[in-house]
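Right, I'll just put the structure down here and ask away after.
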Amino acid sequence: MKIETVPEQKTTIQVIERMVALLDALAKYPDPVSLKELSKVSGLHPSTAHRILNDMVLTRFVDRIEPGTYRLGMRLLELGNIVKSRLSVREAALDFMRALHKKTQQTINLSVRQGDEIVYIDRAFSERSGMQVVRAIGGRGPLHLTSTGKLFLSVDEPKAIRAYATRTGLAGHNKNSITDLATLERELSLVRARGYARDNEELELGVRCMAAGIRDDSGKLIAGLSISAPADRLQDAWLDDLVATANQISATLGYMPAE
């Protein structure tokens, strides 16, 4: 049994190609596999396979069950679940985002948390709608300076919020930025009470945002839906539509709020 290869699709970094060959080999077996078998299936010399497997064990991509036997590691499941959640929320959200953009004529952002930042993963906007605030897909922002970031911080335990403040120093971008823990904690209390979050020119002067949370079928907050607009154009009248849209996306993902 040999791993099929497609020469024109090979990577330019040999060690990655060898890692993939070992992962593909491991995926073929439901039970732990010996080094000898993996070497045979992957076409790698045993010493090469052993060295790469050791590195993958350290990074949890592979589990060593007992000396000389291996299986796929839990980190692959963790990463797979992250990819699944992000792909599904984008698919679920897109039509709703377009409808909200059509109603408000402002940019609608979809973003997720990644460590101490949010990452914008999709948007709905129109170049024909005049001046808008457009966040680049893949762009990032600090949790404490963004509306969606505040949503994620608001569901953290107090200890985790303090740890975030220590790690980041609550660095500010301008005179409106929240840069001290007490102010941040008060802001997060408002977010919990209101069910939505705001960025009042804290990340960028002249730009205001408001965000509502999107939850999966387990009730976990997995994304934020936000409206970004020039500071003088953002309307509180859009809040109900924003929250309703986020709730519709959550319902599509299987979330059922407690009665």
Are I65 and Y29 linked, directly or through other ILVMFWY residues, by side chains that come within less than 4.5 angstrom of each other?
-> no
Taking 4.0 angstrom as the limit, do R198 and D236 come out as a salt bridge?
-> yes
Minimum heavy-atom distance between D199 and S147, given as atom pair plus value | CB-N, 3.7 Å
Going only through I, L, V, M, F, W and Y residues with side-chain contacts under 4.5 Å, is there a path from L53 to F61?
-> yes
Indicate yes or no for a side-chain donor-acceptor contact from Y255 to the backbone of I249 under 3.5 Å, with no hydrogens or angles considered.
-> no
Is a donor on one side and an acceptor on the other found under 3.5 Å between the side chain of D216 and the backbone of K220?
-> yes
Between the side chains of N200 and R208, does any donor sit under 3.5 Å from an acceptor?
-> yes
Hey, what else clusters with L77 if you join Ile, Leu, Val, Met, Phe, Trp, Tyr whenever side-chain heavy atoms sit under 4.5 Å?
-> M74
Side-chain donor or acceptor of T104 paired with backbone N/O of Q106 under 3.5 Å | yes
Any chain of hydrophobic side-chain contacts (each under 4.5 Å) joining I137 to L225?
-> no
Among side-chain atoms of N247 and S250, is any donor-acceptor pair under 3.5 angstrom?
-> no
Please report the shortest heavy-atom distance between L253 and S88, naming the atom on each side.
-> CD2-O, 3.9 Å
Is it true that a side-chain atom of R113 and a backbone atom of G115 form a donor plus acceptor pair closer than 3.5 Å?
-> yes
Using a 3.5 Å cut-off and no angle test, enumerate the donor-acceptor pairs between side-chain atoms of residues 189-196 and protein atoms at least two apart in sequence or in another chain.
unit_1, atom_1, unit_2, atom_2, d
S189, OG, E185, O, 3.1
R192, NE, S154, O, 2.7

Does the pair R71/D31 count as a salt bridge with the N-to-O cut at 4.0 Å?
-> no
